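Data first, discussion second: the structure below is written as C-alpha cells.
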Amino acid sequence: MTVLSIPSPSVEAFHLGPLTIHIYALCILAGIVIAYISGVRRYLARDGKQEHFEEVSALAVIAGIIGGRLYHVITDHQLYFGPGRVWYRCFYIWEGGLGIWGAITLGGLAVWLYCRHKKIKFAPLADSLAPGILAAQAIGRLGNWFNQELFGGPTTLPWGLEIDVAHRPAGYLQYSTFHPTFLYELVWNLAGTAFLLWADRRWKLDHGRLFTLYVAVYTFGRFWVEQLRIDPAHHVGQWRLNDVTALVVFTAAVVIFIILQLRHGKDDEHTDCRAAQAE
C-alpha cells in the first residue's frame with residue numbers, strides 16, 4: 001500500500017557560476033515584490049503619492065530584515081553563541097531565521113518615524129500594506145519547506161511532510177513524516193489575505209483598522225500553528241515564547257481594533273448616509 005506524504009525538496013540552493021543562490025532568499029524576495037505591487041496600488045487608491053510609497057518600502061524592507069534577524073538571534077542565541085558555535089553565522093541570513101515579530105516592530109517603527117519626519121499620514125500606508133504583507137508571509141513560508149525547518153510533530157496523515165534524517169531533531173530520528181506547519185501557515189495567511197481584501201471592500205476599513213485586523217488574523221493563526229512545532233525554543237512556563245508573544249499581540253490588536261472602530265465607525269455611517277442622500 002502506498003503511503004501518501006509531501007516530499008521535501010532535495011535542494012535548498014543552486015549555483016550560478018561562483019554565486020550561490022539560496023531558495024529561502026528567493027522566497028523572501030518574491031514576498032517583498034508581491035507586497036510592493038499590492039501596496040502601491042492600494043496606496044495610490046487612497047490618494048497617496050508613489051514617491052512616498054517607494055521610499056517607505058525601501059526603508060521598511062531594510063528595517064524589517066534587520067529587525068527580523070535581531071529577534072531570531074536574540075531569542076535563539078544558543079544557535080550562534082556558546083561552546084561549539086560559530087558566532088558570525090548569525091549574519092548568515094540566507095540560511096533561514098527571521099522573526100516576524102522583530103520585522104514588523106522595527107519595520108513599522110522605521111516607517112512611523114519616516115512619516116512623522118515627512119508629515120505623512122501613517123495609517124493609510126499601514127492599511128495599504130496589510131494584505132500584501134500577509135501574502136508575503138505566506139510566500140516566505142515556502143523557504144522553510146526548502147530548508148526542511150520549523151516543522152511540526154510526527155504524523156501519519158496523508159499530508160505529512162517527509163523530512164530527511166539530517167534535519168530531524170534529537171528524539172525524532174525514528175519518524176519520517178511530520179506536520180507541515182509551513183503549509184498550514186501558508187494556507188492560513190492566504191485565506192487571511194483574501195479575508196482582509198474582502199473586509200476592506202465591504203466596510204472600507206481605514207484609520208489603521210485594516211492593519212490592526214491583519215495583526216489579529218496573523219497572530220491568531222500563528223498561535224495554533226506554533227503549538228505544533230517541535231524545533232527548540234525558549235519557553236514561558238509550559239508555553240513556547242512565540243505562543244506567548246502571539247497571544248499578547250493578538251489581544252492588543254483586538255483591543256486597538258475595537259477602540260478604532262468605536263472612534264471611526266460612526267464616521268463611516270455618516271459617509272454612507274451622505275452618499276445615499278447624494279444618489
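No experiment lies behind these values; they were computed from the predicted model shown.
Scanning both residues, A216 and A253, for their nearest heavy atoms gives N-CB, 3.9 Å. The minimum heavy-atom distance linking A30 with I139 is given by the pair CB-CG2, 4.0 Å. Listed here is the closest heavy atom pair of T155 and T177: O-OG1, 2.6 Å. In terms of heavy-atom proximity, S8 sits nearest to L161 at OG-CD1, 3.5 Å. Of all heavy-atom pairs spanning L213 and A199, the tightest one is CD2-CB, 4.3 Å. Across N189 and Y218, no two heavy atoms sit closer than the pair OD1-CD1, 3.7 Å.
Using a 4.5 Å heavy-atom cutoff, the side chains of T212 and R209 are not in contact. For the pair Y172 and F151, the minimum side-chain heavy-atom distance is 4.5 Å or more. A 4.5 Å side-chain heavy-atom check between L197 and R201 finds at least one atom pair inside the cut-off. Between W224 and E185, the closest side-chain pair of non-hydrogen atoms is not below 4.5 Å. For the pair Q261/H207, no side-chain contact is recorded, criterion being any heavy-atom separation below 4.5 Å from C-beta on. Considering only heavy atoms from C-beta on, L196 stays 4.5 Å or farther from F211 through its side chain. Contact of the F178 side chain with the I230 side chain is registered, since non-hydrogen atoms from C-beta on lie closer than 4.5 Å. Side-chain contact between T219 and V215: present, with at least one pair of heavy atoms (C-beta onward) separated by less than 4.5 Å.
Judged by distance alone, the side chain of S57 and the main-chain N or O of F53 form a donor-acceptor pair under 3.5 Å. Side chain of H234 to backbone of L241: no donor-acceptor contact under 3.5 angstrom is found. A side-chain donor-acceptor contact under 3.5 Å links R168 to the backbone of L173.
Side-chain contact, Y80 with H72: a donor N or O sits under 3.5 Å from an acceptor N or O. Of the N and O atoms on the side chains of E149 and Y24, not one donor lies less than 3.5 Å from an acceptor on the other residue.
Taking R85 as the reference, nothing meets the salt bridge (charged side-chain N to carboxylate O under 4.0 Å, His left out) condition, with sequence neighbours excluded. With sequence neighbours left out, R46 forms a salt bridge (charged side-chain N to carboxylate O under 4.0 Å, His left out) with D200. Checked against salt bridge (charged side-chain N to carboxylate O under 4.0 Å, His left out), E226 has the following partners two or more places apart in sequence or in another chain: R222, R229, R240. Every residue was checked against the salt bridge (charged side-chain N to carboxylate O under 4.0 Å, His left out) condition with R69, not counting sequence neighbours, and none meets it.
Around atom CZ of F91, no more than 12 heavy atoms belonging to other residues, nucleotides or ligands sit under 6.0 Å away.
F257 and V255 fall into different hydrophobic clusters, where Ile, Leu, Val, Met, Phe, Trp and Tyr residues are linked whenever their side-chain heavy atoms come under 4.5 Å apart, directly or through other members. Hydrophobic clustering (side-chain heavy atoms under 4.5 Å, transitive across Ile, Leu, Val, Met, Phe, Trp, Tyr) groups Y175 together with W145. Hydrophobic clustering of Ile, Leu, Val, Met, Phe, Trp and Tyr side chains at less than 4.5 Å, counting indirect connections, unites I21 with V11. A single hydrophobic cluster is seen to contain both V86 and L79, as judged by linkage of ILVMFWY side chains at heavy-atom distances under 4.5 Å, directly or through other members.
Distance check, rounded to the nearest 0.5 Å: CZ of R141 to CD1 of I28 gives 9.0 Å.
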Considering only distance and modelled atom types, tabulate donor-acceptor pairs under 3.5 Å from the side chains of residues 106-123, sequence neighbours left out.
from: Y114; atom 1: OH; to: E55; atom 2: OE1; distance (Å): 2.0

Between S5 and E162, is a side chain to side chain donor-acceptor pair (under 3.5 Å) present by the stated rule, with each step listed?
-> CA-CA 7 Å; S5 60; E162 298 174 14; 2.5 Å; yes
Step-by-step side chain to side chain donor-acceptor pair (under 3.5 Å) determination, N242 to Y71 = CA-CA 11 Å; N242 282 335; Y71 182 89; 3.1 Å; yes
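Counting side-chain heavy-atom gaps under 4.5 Å among Ile, Leu, Val, Met, Phe, Trp and Tyr, L150 is found in no cluster with other residues.
Tested against F223, the residues W188, Y184, W239 include a single ring pair (Phe, Tyr, Trp, His ring centres under 6.0 Å) partner, W239.
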